[in-house]
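First the structure, in the form of structure tokens, and then the observations on it.
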There are 2 protein chains.
Amino acid sequence: MARPTVHDVASVAGVSLATVDRVLNGRAGVREETVNRVQSAIRELGYVRDTSAANLARKREYRFAVVLPQDSSQFVATLKDALTEASASHIADRISVKIKAVLPEDPHAVARELHALRAAKPDGVAIMAQETPQVRDAISRLKADGIAVVALISDLPSSERDFFVGVNSEAAGRTAALLMGRFVRRSTGKVLAIANSMVSRDSIDRRLGFDTVMLREFAGLDVLPSVETHNDPDRVRAIVRHVAAIHDDLVGVYSMGSGNRYILDAFREIGRLHDLVYIGHELTPRSREALVSGEIDAVIAQNVGHLARSALRVLRAKCDDVAVFEAQERIRIDIVTRENLP
Amino acid sequence: MARPTVHDVASVAGVSLATVDRVLNGRAGVREETVNRVQSAIRELGYVRDTSAANLARKREYRFAVVLPQDSSQFVATLKDALTEASASHIADRISVKIKAVLPEDPHAVARELHALRAAKPDGVAIMAQETPQVRDAISRLKADGIAVVALISDLPSSERDFFVGVNSEAAGRTAALLMGRFVRRSTGKVLAIANSMVSRDSIDRRLGFDTVMLREFAGLDVLPSVETHNDPDRVRAIVRHVAAIHDDLVGVYSMGSGNRYILDAFREIGRLHDLVYIGHELTPRSREALVSGEIDAVIAQNVGHLARSALRVLRAKCDDVAVFEAQERIRIDIVTRENLP
DNA sequence: GTTTACATGAGGTACGTACATCAATTACGG
DNA sequence: CCGTAATTGATGTACGTACCTCATGTAAAC
């Protein structure tokens with residue numbers, strides 16, 4: 001009835017505690033035959049290591065680092081808060097988290113930070129960055145040092161990262177398209193797709209997903225070529241005025257990046273905010289306000305609290321070489337409207 | 001730097017380990033002045049008890065029970081699976097979960113089960129049931145026995161439950177209405193609101209929320225009086241045919257309960273499934289299929305995995321008399337479409 | 001036969017906490 | 001000043017695991 005312990009395993013396998021310990025912790029000096037005996041005893045009893053007791057005995061401390069882009073975006077700020085909160089609630093689990101901010105759009109800065117991190121010998125690193133050869137290389141070195149690595153928000157698929165904590169951007173774009181197509185009441189018209197920058201893989205994938213669904217299901221709506229704001233208010237204003245002037249049949253705006261501020265401001269200035277369907281990404285204090293006021297119709301979001309906790313859990317699992325509980329770590333694509341605001 | 005232990009507290013407070021222990025565990029025999037000294041030392045050091053070590057020493061076992069309605073609904077089935085999975089992933093945390101199924105719609109059956117549970121002296125109970133005087137009373141007795149109680153899915157607000165794990169039904173209904181209003185392309189028409197039964201508080205609240213938003217924002221759409229299916233396929237078929245015949249301007253269906261099967265079947269029979277906007281509740285294998293095929297346009301859901309894990313976490317927190325991490329336990333109202341299916 | 005390497009056992013200490021026992025100190029009423 | 005009760009200290013054991021040392025066994029190599 002009670003949970004079996006190493007003692008039970010030892011007596012069932014007919015060996016001493018020390019041998020069970022050697023097998024469990026992969027230490028040398030045990031004949032293969034004995035290893036098998038111990039392992040079948042483990043299976044027979046359904047023994048599972050008591051991680052909390054093990055961590056206690058080990059005085060284990062998980063030291064994690066999170067590399068985030070150092071930009072003023074509210075999304076990154078809320079993510080940072082969530083990480084801080086999550087690590088605070090995890091002090092009991094012996095997890096400490098250091099947050100490192102690096103200049104975004106500079107692959108060398110990220111690689112430098114990752115390189116610097118190696119010296120601190122953390123147990124795991126979560127990285128939110130664009131995939132570049134430099135970053136891939138730095139991750140490779142971290143892995144060589146035996147450090148757990150997870151990609152956060154943006155996947156780094158061709159790197160050696162252990163796991164990706166985030167959502168499928170293409171599906172997020174498809175979801176945005178579905179809402180756009182269904183929220184727009186007219187069957188024809190133009191849709192503006194606007195992003196901070198279209199060099200990031202996420203933006204590209206979102207656009208891809210968006211176009212897929214728009215073409216397939218809402219062929220009457222015409223998605224204009226993506227425009228880039230580069231986070232410049234003047235540029236945004238110019239673009240918006242230009243687009244609105246040229247296309248008198250503009251019916252919707254899809255803001256692919258997390259920065260909605262300047263875009264909203266520009267549309268508000270020309271008094272078009274309430275008659276356009278506006279779909280954006282990420283829930284921030286500002287986008288929340290805009291949802292409530294009806295300026296934004298829906299936001300495609302990922303729960304930052306979930307992201308933060310998930311990243312820490314996955315890193316810990318990778319450190320302990322334990323299977324990740326996939327169902328719990330699958331980040332959902334949240335659709336947030338003014339009525340289901342969390 | 002390192003986490004303070006009872007030893008540190010003892011030396012800072014200038015008392016022995018035994019005294020700190022007495023204070024921490026609320027045992028008698030310590031002068032009030034000394035208690036204060038110890039407590040200020042705890043505050044000063046920021047000491048937090050190492051729960052895993054404490055549980056180890058205590059040989060603590062959390063024995064929880066979950067009372068669910070014994071119906072054949074897929075939603076309850078998936079919830080049960082999620083609970084089983086969650087408890088399996090929590091064996092490491094010394095949590096064991098017993099699931100009890102009781103006849104739904106029978107307050108006496110629930111009360112009987114709760115009464116029977118008292119004998120087993122569990123540490124906590126999660127209850128999914130309608131609020132009735134009998135249930136309220138039974139909860140009261142559980143609480144008197146010092147058992148932690150959380151309401152699951154449906155709140156039991158005027159009972160003595162410690163916490164509610166679930167979503168605000170009224171907000172869920174509002175969300176459904178927003179999607180209905182925006183998905184329907186015509187500005188006038190009839191909307192059918194259909195439920196298994198309208199006696200449950202959840203259904204009433206959903207309907208309330210639904211009407212609020214429909215009236216406020218989509219006044220052209222007329223929501224018909226709620227109809228009850230009582231889970232009877234023949235009855236459903238009759239209702240659906242009747243409604244479709246009378247109202248040739250039927251544009252949408254809001255299925256307020258979790259059972260979509262018969263309703264979908266009936267609409268499919270009369271060939272109306274693809275030209276009606278269909279909004280339902282809860283993600284089940286069947287509703288998932290219907291989303292993919294386009295028969296259902298959106299589903300308002302709650303993540304059952306999250307619900308299950310949340311219930312267990314909250315019960316444990318209540319047992320340890322520790323604060324609940326609110327942000328993590330807030331269940332979101334998920335909007336699920338074919339494009340963001342989890 | 002002796003050396004050597006390897007395999008295993010036996011036992012201890014530690015982690016941070018709980019809990020029990022008993023001795024020692026203090027305070028107070030008579 | 002004594003007796004008694006309340007308070008506090010000192011110490012030990014336990015929880016399940018990790019990790020260390022030392023002893024002993026065995027078998028192959030020399």
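For the numbers below, each heavy atom of this structure counts, side chains included, while hydrogens, waters and symmetry mates do not. In the text below, chain A, chain B and the rest are named by the order of the sequence lines, each starting its count at 1. This structure is a prediction, so every number in the text was calculated from the model and none was measured.
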Taking only Lys NZ, Arg NE, NH1 and NH2, and the carboxylate oxygens of Asp or Glu, determine whether Glu33(A) and Arg37(A) approach each other closer than 4.0 Å. yes

Donor-acceptor contact present, side-chain Glu61(A) to main-chain Ile95(A), <3.5 Å: no

Side chains of Gln328(A) and Ser310(A), donor plus acceptor under 3.5 Å: no

Between the side chains of Asp334(A) and Arg332(B), is the shortest nitrogen-to-carboxylate-oxygen separation below 4.0 Å, so that they form an ion pair? yes

Are a donor atom and an acceptor atom from the side chains of Gln134(B) and Thr132(B) found within less than 3.5 Å of each other? yes

Donor-acceptor pair between Ser52(B) and Asp50(B) side chains, under 3.5 angstrom: yes

Ignoring hydrogens and angles, tell me if any N or O in the side chain of Arg49(B) forms a donor-acceptor pair with the backbone of Thr5(B) under 3.5 Å. no

Specify the residues of residues 23-46 of chain B, ordered by number, for which at least one heavy atom lies under 4.0 angstrom from an atom of DNA chain C. Asn25(B), Arg27(B)

Kindly determine whether Lys318(B) and Asp162(B) satisfy salt bridge (Lys or Arg N to Asp or Glu O under 4.0 Å), including the steps that lead there. CA-CA 8 Å; Lys318(B) 291 299 175 187; Asp162(B) 296 294; 5.4 Å; no

Just to be sure I understand the geometry, which residues of residues 5-14 of chain B put a non-hydrogen atom under 4.0 Å away from DNA chain C? Thr5(B), Val6(B), His7(B)

The reported gap from CD1 in Ile139(B) to CD1 in Ile127(B) (rounded to nearest 0.5 angstrom) is 4.0 Å

Find out whether the Lys NZ or Arg CZ of Arg161(B) is both under 6.0 angstrom from the six-membered ring centre of Phe164(B) and within 45° of the ring's axis. no

Would you list the protein and nucleotides 21-29 of chain D atom pairs, both N or O, that sit under 3.5 Å from each other?
none

Checking Ala41(A) now: which residues fulfil side chain to side chain contact (heavy atoms under 4.5 Å, CB included) with it, not counting sequence neighbours? Val9(A), Val12(A), Ala13(A)

May I ask you to say whether Asp145(B) pairs ionically with Lys121(B), meaning some side-chain N is under 4.0 Å from a carboxylate O? no

Take the C1' atoms of the five end pairs on each side of the helix from dG1(C)-dC30(D) to dG30(C)-dC1(D), get both axes, and report the angle to 10 degrees. 40°

Does anyone know the first and last nucleotide of DNA chain C in reach of chain A, 5' to 3', at under 4.0 angstrom to a heavy atom? dA7(C) to dG16(C)

Lys/Arg N to Asp/Glu carboxylate O, Asp123(B) vs Arg316(B), below 4.0 Å: no

Could you tell me whether Arg141(B) and Asp137(B) have a side-chain N and a carboxylate O separated by less than 4.0 Å? yes

Ser40(A) side-chain N/O to Asn36(A) backbone N/O, donor-acceptor pair under 3.5 Å: yes

